[in-house]
Amino acid sequence: MTATQAWTTDQPIVRIADVYKAFGAVDVLNGVSLNVMKGEVICIIGPSGSGKSTLLRCINALVPINKGSIQVEGQEVHDPKLDKLELRKKVGMVFQQYNLFPHKTAVQNVMMAPITVLKQDKTEVEARAYALLKKVRLEGKEHSYPGELSGGQQQRVAIARSLAMNPDVMLFDEVTAALDPETVKEVLVTIRELAEEGMTCLLVTHEMGFAREVADHMYFTDRGVIVEQGPPKEFFANPKDPRTQEFLGQIL
Amino acid sequence: MSGTDLPVLLPAAQRLTERARREREVGGPIPRLQARHGVWLAVILIFSAGAAGAQAGAEQESVLSIMLKWTPLLLKGFVFNLAISFLAMVGGTIVGALLGIWQISLLPPVRAGSWLVTQFFRNAPWLVLLFFCMFLLPFQVEVFGLVIPLPDWIKATFGLALPVMANVSEIVRGAIQSIPSGQWESSESLAFNRRQTLWQIIMPQCIKRMLPPWMNLYAILTMATVLASVVGVSEVMTLTGQVLSAEGGRTDLLVPFYSYILLWFFIYCYPIARWTVHLERHFAVKT
């Protein structure tokens, strides 16, 4: 069994301590530490190749870490005997490229994991899937295939698909980066609603305006380390590190 | 794309690029058998039969009636070809699909072993494999005291099933690896295990990619069944040879008879080729 320590809500739901990761000779993460409390929304920004996406993938064990420790609700993610099913029930993830299952309709995409993995009752899951699609404003699109939906609609199906597993933490990996400008907003609205409902969210994003508005805490990464962090107001108003200043100067 | 869907109207270079792209997509050559190929065969048959008829004296039987006389026998042989092709395809597909899945196994020995078997049988000449099976397999096997005879045609089926198996293995492996890695990643993040991901997410998407090359392989196999004549199975080629010698080895009958057989193969393979092209188009539009 996985080493799961007693976890209470006054402790960080995600605890990342001194994590190192290298792909071959390329160091991607060089000692990253951060904590996320339940219901908190954190945004990670930084230049491409700074290890943002890798960090998210480490949290749900898609990428194994070389050194350090990651805990989600007290469950040790770096444990070699990790119960991956248990971890992934708790952590949902949405990708830049949506990665919907193209051979299944929107509602089937949402229903698949709870039925196959959690062995839940089909009629109960179906009702929940319809409710989730309604929640992400895709009423009437339940029986469309991913190929028939716009990027923004696909991404919202992907969010609903993750939510169907009833996760406690959601990871968003540059979810709007592949979208047309006009559909970015509909996805961001969905994420903001989730955040307002108290979902713990970790976002990697390039949408600075959105980050400023929705985040409780900002992180700036560069070359595999966290260079600067702080509440968004302060973080955007007067960044202290020259690298953060330069990056924000280029983007804003 | 230009404004036309008709391949004929596209300039040659563009047509070739388009074809290369589609062949890359299905992972192998796409059969381009066309109705006019059959017309050519029929023309050759009629002309050669006419020529043979003109050469023959008035006292001799006409070419047409000779061919009609032997048609039932030759058809029996042809059915035998189809039976061999069918059985070899079924067997080769079942074992080949397993091999193909093993080629992406996470266990290194399984992966290496199935890779080796696949490469060996895929790159060995079909005729050599056929001879191997003819001479290495016993004429009967005993299972739990039950004696099962292994006639030549069964051995030939084994021999042809081996290269089919290796090719199916490569088709399956290629199709699985052509699915974007994001599909594996998102399934994994939804807590699917590897087996569930493979069977519920990856394989259903592979089927349509595998179908055209698989049907193509079947057409190739059907035409390869005549190799069995070399090892003495009484299929259509063997029978044609026997019929020709029964007719006194008349050289003017060679071309009509062999083009007659060729025409049968065309009639059998043409619909398969058309259907393959149709399926390929159908799937190309959907994704």
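Note on naming: letters A, B, ... go to the chains in the order of the sequence lines (proteins, then strands), and numbering restarts at 1 for each one. The structure presented is a predicted model; accordingly, all values stated were derived computationally and were not measured.
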Legend entry - Point-to-point distance, once rounded to the nearest 0.5 Å, from CD1 of A:Ile44 to OH of A:Tyr219: 8.0 Å

Inset, instruction - Look at A:Pro114, A:Ala113, A:Pro167 and state which one has the largest set of heavy-atom pairs under 4.5 Å with chain B. - result: A:Ala113

Inset, instruction - Check each atom of B:Gln196 against the heavy atoms of chain A and say whether the ones under 4.5 Å are side chain, backbone, both or neither. - result: side chain

Inset, instruction - Could you tell me which portion of A:Val94 (side chain, backbone, both or neither) has an atom closer than 4.5 angstrom to a non-hydrogen atom of chain B? - result: neither

Legend entry - B:Tyr268, OH atom: more than 12 neighbouring heavy atoms under 6.0 Å: yes

Legend entry - Quiz item: cation-pi between A:Lys21 and A:Phe23, 6.0 Å / 45°: yes

Inset, instruction - For chain B, find which of A:Val91, A:Thr116, A:Leu118 contributes the most heavy-atom pairs closer than 4.5 angstrom. - result: A:Thr116

Legend entry - Toward chain B, the part of A:Met93 with a non-hydrogen atom under 4.5 Å: both

Inset, instruction - Measure distances from A:Leu100 to the heavy atoms of chain B and classify the residue's part below 4.5 Å as side chain, backbone, both or neither. - result: backbone

Legend entry - Charged tip of A:Arg161 within 45° of A:Phe101 ring normal and under 6.0 Å: yes

Inset, instruction - Mark yes when over 12 heavy atoms from residues, nucleotides or ligands other than B:Phe132 sit less than 6.0 Å from its CZ; otherwise mark no. - result: no

